[in-house]
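Since this is a predicted model, take the numbers as computed values, not measurements.
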Amino acid sequence: MSVQIEESWKEVLKDEFEKDYMKNLRTFLQNEKLQGKTIYPPGKLIFNAFEHTPFHQVKVVILGQDPYHGYKQAHGLSFSVQKGVALPPSLQNIFKELQHEFKDFKYPSNGDLSPWADQGVLLLNATLTVEAGKAGSHQNRGWEQFTDKVIRILSEKRTGIIFLLWGKYAQAKASLINQSKHHVLVSAHPSPFSAHSGFFGNDHFRKVNEILEKEGKVGIEWQIT
């Protein structure tokens, strides 16, 4: 099964692509397209998070649930949107929290989080595709099994990764992480429905850099330009 994914990830995940669930997932996606349905993100961007953040460069994982299902929003990075696209509410709240944590943080004019990914922040959605206009439409098709494996492999083969688990869905993934080897920070989700219940004021971005620097690593430059 030929999959376009960054080489270091292909190496650690190669057995996964031969499993029945992944073959079934590929067939499902092909059939959806044959029926004329629009799938986000575009095929070449489905594994974009892995392209930006090779396996051995992962410092931080920010776990989302689904790709955005609006026109030109999703580009394979959790919470991120392509340049020129209006900022979704959750991303607006992420930037507001950054303004709270860092007084010199300037509210960005775009929501492309690629610069974070390029510094070692794996922006991973649990489900990597969605039908246009239908939130959650590709859940329980196999993607969750794949991305759970990604989390397990990071937990098993790496040390010192910081996992940011926002909201109950992401927090349920904590059981996949060896917390004696890694750092897990949890809070409410940045959605407008829950941001005031513990996301605002969680200081996660500042804490990430404190942990990285304590371990002799370079902190993340959170400013988006």
Side-chain angles (χ1 to χ4, degrees), residues 6 8-9 11-13 48-66 76-80 90-91 93-105 113-128 144-191 194-224:
E6 192 273 334
S8 65
W9 283 106
E11 179 62 27
V12 296
L13 293 169
N48 199 25
F50 303 92
E51 295 296 329
H52 279 276
T53 317
F55 178 73
H56 296 289
Q57 294 178 21
V58 176
K59 296 178 176 179
V60 182
V61 178
I62 299 181
L63 186 66
Q65 188 166 357
D66 275 331
L77 305 176
S78 62
F79 295 101
S80 179
S90 291
L91 186 53
N93 287 337
I94 287 170
F95 289 158
K96 288 175 185 176
E97 173 59 21
L98 278 159
Q99 282 185 305
H100 167 74
E101 295 185 31
F102 302 102
K103 300 310 178 188
D104 58 348
F105 183 86
L113 304 182
S114 298
W116 295 2
D118 293 334
Q119 297 176 75
V121 181
L122 182 66
L123 297 168
L124 181 67
N125 278 318
T127 303
L128 298 187
E144 294 91 342
Q145 189 171 340
F146 175 75
T147 52
D148 280 1
K149 181 66 173 182
V150 169
I151 296 169
R152 285 195 185 96
I153 278 186
L154 285 168
S155 177
E156 291 166 7
K157 295 183 178 292
R158 296 285 315 280
T159 58
I161 293 174
I162 307 164
F163 292 84
L164 303 186
L165 306 182
W166 298 334
K168 290 182 180 178
Y169 182 88
Q171 289 164 23
K173 305 293 184 179
S175 62
L176 306 175
I177 302 163
N178 182 342
Q179 296 188 40
S180 67
K181 294 169 58 182
H182 301 280
H183 310 274
V184 176
L185 303 181
V186 302
S187 80
H189 193 276
S191 159
S194 55
H196 289 281
S197 300
F199 177 78
F200 288 136
N202 66 15
D203 279 347
H204 278 188
F205 302 101
R206 182 180 55 78
K207 289 175 182 176
V208 162
N209 282 355
E210 287 178 352
I211 293 168
L212 290 174
E213 289 162 10
K214 186 176 180 180
E215 296 186 350
K217 300 173 185 175
V218 177
I220 306 300
E221 172 51 70
W222 298 109
Q223 183 67 60
I224 299 293

| request: Go through the steps to decide whether Leu77 and Trp116 satisfy the test side chain to side chain contact (heavy atoms under 4.5 Å, CB included), and finish with yes or no. | output: CA-CA 10 Å; Leu77 305 176; Trp116 295 2; over 6 Å; no
| query | Can you find a heavy atom in the side chain of Val218 that is under 4.5 Å from one in the side chain of Leu212? | reply | no
| message | Under a 3.5 Å distance rule, please check whether Thr159 uses its side chain to pair with a backbone N or O of Lys181 as donor and acceptor. | response | no
| task | Check step by step if side chain to side chain contact (heavy atoms under 4.5 Å, CB included) holds for His189 and Phe199. | result | CA-CA 6 Å; His189 193 276; Phe199 177 78; over 6 Å; no
| So how far is it from Ile62 CD1 to Ile94 CD1, rounded to the nearest 0.5 Å? | 6.5 Å
| request: Provide the closest heavy-atom pair for Ile177 versus His182 in the form atom of the first, atom of the second, distance. | output: CG2-CB, 4.0 Å
| If we ignore angles and hydrogens, is there a donor and acceptor under 3.5 Å between the side chains of Asn125 and Thr127? | no
| Would you find more than 12 non-hydrogen atoms of other residues, nucleotides or ligands less than 6.0 Å from Lys217 atom NZ? | yes
| Looking at CD of Gln65 and OG of Ser78, how far apart are the two atoms once the value is rounded to the nearest 0.5 Å? | 11.5 Å
| request: Start with the C-alpha gap between Leu176 and Ser155, add the side-chain angles, then the distance that decides, and say whether side chain to side chain contact (heavy atoms under 4.5 Å, CB included) holds. | output: CA-CA 7 Å; Leu176 306 175; Ser155 177; over 6 Å; no
| Any side-chain heavy-atom pair of His52 and Leu122 under 4.5 Å | no
| Where do Tyr169 and Glu144 come nearest, in terms of heavy atoms and distance? | OH-CG, 3.7 Å
| request: Look at the side chain of Lys173 and the backbone N and O of Asp148, then say whether any donor-acceptor pair between them is shorter than 3.5 Å. | output: no
| How many angstroms lie between atom CD1 of Ile162 and atom CD1 of Ile211, to the nearest 0.5 angstrom? | 4.5 Å
| request: Quick one: closest heavy-atom pair of Phe55 and Glu6, and the distance? | output: N-OE1, 4.2 Å
| request: Please examine the side chains of Leu63 and Ile151, heavy atoms only from C-beta on, and report whether any two atoms are closer than 4.5 Å. | output: yes
| note | dist Arg206:CZ -> Leu98:CG (nearest 0.5 Å) comes out at 12.0 Å
| said: Quick check: do Trp9 and Val58 have side-chain heavy atoms less than 4.5 Å from each other? | reply: yes
| Pairwise side-chain contact, His100 with Phe200, heavy-atom cut-off 4.5 Å (strictly under) | no
| Atom CG in Leu91, atom NZ in Lys96: separation rounded to 0.5 Å? | 11.0 Å
| task | Check whether any side-chain heavy atom of Glu156 lies under 4.5 Å from a side-chain heavy atom of Asn178, and answer yes or no. | result | no
| task | Determine the minimum heavy-atom distance between Glu215 and Gly160, stating which atoms define it. | result | OE1-O, 3.8 Å
| request: Indicate yes or no: at least one non-hydrogen side-chain atom of Val186 is less than 4.5 angstrom from one of Phe163. | output: no
| field | Interatomic distance, Ile153 atom CD1 to Leu13 atom CG [nearest 0.5 angstrom] | value | 4.5 Å
| Hey, are the side chains of Pro115 and Ile224 touching, using non-hydrogen atoms and a 4.5 Å cut-off? | yes
| message | Is it the case that the side chain of Asn209 and the backbone of Gly219 share a donor-acceptor pair, with hydrogens and angles ignored and the cut-off at 3.5 Å? | response | no
| Checking side chain to side chain contact (heavy atoms under 4.5 Å, CB included) for the pair Gln119/Glu221: CA distance, chi angles, key distance, verdict? | CA-CA 8 Å; Gln119 297 176 75; Glu221 172 51 70; 3.5 Å; yes
| Quick check: does any side chain N or O of Gln179 sit under 3.5 Å from a backbone N or O of Val184, one acting as donor and the other as acceptor? | no
| Atom of Lys207, atom of Leu185 and distance for their closest heavy-atom approach | CB-CD1, 4.0 Å
| request: For residues His204 and Glu101, report the shortest heavy-atom separation together with the two atoms involved. | output: N-OE2, 3.3 Å
| task | Starting from the C-alpha separation in whole Å, work towards a yes-or-no answer on ring-ring contact (aromatic ring centres under 6.0 Å, His included) for Phe79 and Trp166. | result | CA-CA 11 Å; Phe79 295 101; Trp166 298 334; 5.5 Å; yes
